[in-house]
Amino acid sequence: MWPTIVSYIPGWVIFMQAAITLLCPLGIYFIYKKLYAFVSSAGPKMKAIAQPNAESTAESLVSGQYEADVSYLQQAIGGNSDVNFREFVVKGYELRAVLVFVNGMMDEELINRHVMQQLMFGNSGMKEEKQEKQDSREPLTLSALKANLLPLTELEEVKELDKLQERILFGYTALLIEGIPAGLLVGQPNGSIRAITEPTSEALLRGPRIAFSEVLSENTSMLRRQGLNKNLEMKLYEVGSLVKRKLVIAYMKDIVNPDLLEEVHKRVSRIDMDFIAESGYVEQLIEDNILSPFQQIQNTERPDRVINALLEGRVALLLDGTPFALIVPVTFSMLLQSPEDYFERWLPGTLLRMLRFFAAFMALMAPALYISFISFHPGLIPTELVISIIETRQGVPFPSVIEVLILEVSIEILREAGIRLPKPIGPAMGIVGGLIIGDAAVNAGIVSPFLVIVVAVTAISSFSIPMYSAGITLRILRFVGMMFAAVLGMLGTILFMLLIFIHLTKLKSFGVPYVTPFSPLRLSDWKDLYIRVPLPLMKRRPEMMKTQKKKRRT
């Protein structure tokens, strides 16, 4: 249909259209570079927020005067309905004391048994001769309290009232005793914890059935159990200017490149935001190119994937409150790799990986190629096949690009609806909805049956990509490629691919080229690219990481 219309257009109009179409992508690319440079230079200057400031005024220190300290805390946080002040008397010393905690975030058994019972009734069973020595007992001090009265492993001394009230709201239990000029944080926050489950976004047939949880201490302990290496180091940061959260940077100190580690610390220390709700915030705040559609940081909920990345010289970031860890730097080929590639023998692993590369190409380019062949280059299709396609398109009122858009948008809406629906009906709704809509569209003559096959293959191919975020990127770029193909046919499709290759070549993740080992060419790293060679032959770590230890087995 379109070639017939184009034949009636004057040649100079077609020439101008082609010239504008060729120049527009270049103009868009240069505008994109200028915009990114402007955003990078004009963005807010972020301040480092590693550990809280230790400087405190005299007015904010714990004085040891019971009424004054308790009154300060009551005025500061006592208005919260979930903050509880439990006052009692220390037996044997007759000193007033108070426990301040948030309901539901304290370890009730620990506080009752090892703090209150110990301080309130610890001396009730003394023999008479010991009771006689009570009057000559020295005044209660902080060191005596730690050494003799509180049999706990987790005790933190805090002298600043502001820091004390902050820790209380974080879920810690604070202990104040009359005459002691410091507060004690007892135990750790112990709110409701989700049980350790299998990974939901990275399911495997073979491999560990364990995923990170929302509790940072549990996630770091999982890494310790996975690693069992004295060189595994974890550095703690606090991120968020109004609502603070803990963030841990994990790495192998004898393997990681010091320049990479310094860059990660630098970017994390610059994070300046009221609240970091999820690791996705961190990902967006520290990535190299905020305008690129490609993710430059890998997210995962699998501890085994994180520990393998650390052993390659990469760095992991774990945020409290989310089960997703971040891995930096990342390359494009990593997004198409699965841990199962290494759990299986090298032949099945290689086959599955090559299928994923092919599926990624189909997920990105299949609709654009369909539009190019049908609208501009039907002569490139085998004769019998093109006759069959023409017969199926009889009566379709739309050009191929509109036809593809209708079906692709419908599939995307179905996919999004399937994710948002309850789990028992979500998958069924996606499958049944796709079948019903596709069959109804063909029967109504809106789309051709051959296009339904193309769109179905495209959707299935996007599901085969291990990283969900990478699949979203290909889904976005798929529509851009369709527009290029609708204007210039195969020339537009090739131009679209060239622009993607140019962008990927210039893109970096924490200083590592995004398309390494393609460019710059590193043949030694091709052992783990398309073909996953046998494990005994993978003796060296990735050259691109510039690690301190080059060999995997030393």
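Keep in mind that the numbers below use all heavy atoms, side chains included, and drop hydrogens, waters and symmetry copies.
Two residues are said to be in side-chain contact when any heavy atoms from C-beta on lie closer than 4.5 Å; E412 and V409 fail this criterion. Here the side chains of F510 and Q296 are not in contact, with every heavy-atom distance at 4.5 Å or above. Counting only heavy atoms from C-beta outward, the side chains of P329 and M545 approach each other to under 4.5 Å. Annotation: side chain of K235 is in contact with side chain of Y251 (closest heavy-atom distance under 4.5 Å). Proximity of L310 to I255: side-chain heavy atoms (C-beta onward) are nowhere separated by under 4.5 Å. Annotation: side chain of R532 is not in contact with side chain of Q337 (no heavy-atom distance under 4.5 Å). Proximity of L223 to N219: side-chain heavy atoms (C-beta onward) are nowhere separated by under 4.5 Å. Between D528 and R353, the closest side-chain pair of non-hydrogen atoms falls below 4.5 Å.
The closest side-chain donor-acceptor pair between Q295 and T473, if any, does not fall under 3.5 angstrom. Looking only at atom types and distance, the side chain of S519 has no donor-acceptor partner in the side chain of T505 under 3.5 Å away.
Of the possible polar contacts, one joining the S221 side chain to the S217 backbone as a donor-acceptor pair under 3.5 Å is found. The main-chain N or O of R206 is found under 3.5 Å from a side-chain atom of E340 such that the two form a donor-acceptor pair. Side-chain N or O atoms of E278 include none that pairs as donor or acceptor with a backbone N or O of T322 at under 3.5 Å. Judged by distance alone, the side chain of S279 and the main-chain N or O of F324 form a donor-acceptor pair under 3.5 Å. Not a single donor-acceptor pair under 3.5 Å links the side chain of R393 to the backbone N or O of F450. With R209 contributing its side chain and G207 its backbone, the two residues share a donor-acceptor pair below 3.5 Å. The backbone N or O of N308 sits nowhere less than 3.5 Å from a side-chain atom of E312 that would complete a donor-acceptor pair. Judged by distance alone, with hydrogens and angles left aside, the side-chain atoms of W526 form a donor-acceptor pair with the main-chain N or O of P517 at under 3.5 Å.
Here the CE-CD1 distance, from M222 to I210, works out to 4.5 Å after rounding to the nearest 0.5 Å. A distance of 11.0 Å separates CG in L351 from CD in E344, rounded to the nearest 0.5 Å. One distance of note links CG of L311 with CE of M252; it measures 4.5 Å at 0.5 Å rounding. Taking CZ from R267 and CD1 from I249, the interatomic distance works out to 12.0 Å, rounded to the nearest 0.5 Å. Within the model, atoms CG of L495 and CD1 of I500 stand 10.5 Å from one another, a figure rounded to the nearest 0.5 Å. In this structure, CZ in F332 is found 11.0 Å from CG in L507, a value given to the nearest 0.5 Å.
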D320/K244 under salt bridge (charged side-chain N to carboxylate O under 4.0 Å, His left out): CA gap, chis, key distance, verdict: CA-CA 10 Å; D320 191 21; K244 297 185 181 298; over 6 Å; no
S509/T331 under side chain to side chain contact (heavy atoms under 4.5 Å, CB included): CA gap, chis, key distance, verdict: CA-CA 7 Å; S509 174; T331 59; over 6 Å; no
Derivation and outcome, side chain to side chain contact (heavy atoms under 4.5 Å, CB included), residues M467 and M334: CA-CA 9 Å; M467 296 297 302; M334 287 177 59; over 6 Å; no
Step-by-step side chain to side chain contact (heavy atoms under 4.5 Å, CB included) determination, R541 to R552: CA-CA 6 Å; R541 294 185 172 88; R552 296 180 186 267; 3.9 Å; yes
Working for side chain to side chain contact (heavy atoms under 4.5 Å, CB included), residues V330 and Y514: CA-CA 7 Å; V330 66; Y514 197 66; 4.1 Å; yes
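Ionic pairing of K506 and D288 is not present here: no N-O contact between side-chain nitrogen and carboxylate oxygen is shorter than 4.0 angstrom. Salt bridge annotation for E543-R522: present, with a cationic side-chain nitrogen under 4.0 angstrom from a carboxylate oxygen. Using a 4.0 Å cut-off between charged nitrogen and carboxylate oxygen, K266 and E262 do not count as a salt-bridge pair.
Around CG of L385, the count of heavy atoms belonging to other residues, nucleotides or ligands within 6.0 Å exceeds 12. The local environment of NZ in K550 is crowded, with over 12 non-hydrogen atoms from other residues, nucleotides or ligands closer than 6.0 Å. Within a 6.0 Å radius of CG in L380, other residues, nucleotides and ligands contribute more than 12 heavy atoms. Around CE of M354, the count of heavy atoms belonging to other residues, nucleotides or ligands within 6.0 Å does not exceed 12.
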Could you tabulate the donor-acceptor pairs under 3.5 Å formed by side-chain atoms of residues 355-369, not counting sequence neighbours?
{"residue": "R356", "atom": "NH1", "partner": "L336", "partner atom": "O", "Å": "3.1"}
{"residue": "R356", "atom": "NH1", "partner": "D341", "partner atom": "OD1", "Å": "3.3"}
{"residue": "R356", "atom": "NH1", "partner": "D341", "partner atom": "OD2", "Å": "3.0"}
{"residue": "R356", "atom": "NH2", "partner": "D341", "partner atom": "OD1", "Å": "2.8"}

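Heavy-atom minimum distance, L319 versus V282: CD2-CG2, 4.4 Å. When all heavy atoms are compared, the tightest approach of F398 to E403 is CB-N, 4.2 Å. The minimum heavy-atom distance between S448 and T392, with the atom names listed, is CB-O, 3.7 Å. Heavy atoms only, all atoms of each residue included: L529 and S333 are closest at CD1-CB, 3.5 Å. In terms of heavy atoms, S213 sits closest to E218 at OG-OE1, 3.0 Å. For the pair I381 and F373, the tightest heavy-atom approach, listed with the atom from each and the gap, is CD1-CB, 3.6 Å.
Taking the centre and axis of the six-membered ring of F463, the NZ or CZ atom of R415 falls inside the cone set by 45° and 6.0 Å. Judged by the 6.0 Å distance and 45° axis criteria, R245 is not positioned over the aromatic ring of Y281.
Remark: aromatic rings of Y530 and F518 are close, center separation under 6.0 Å.
For the side chain to side chain contact (heavy atoms under 4.5 Å, CB included) with L317, the qualifying choice from I297, N299, I286 is I286, the only one to do so.
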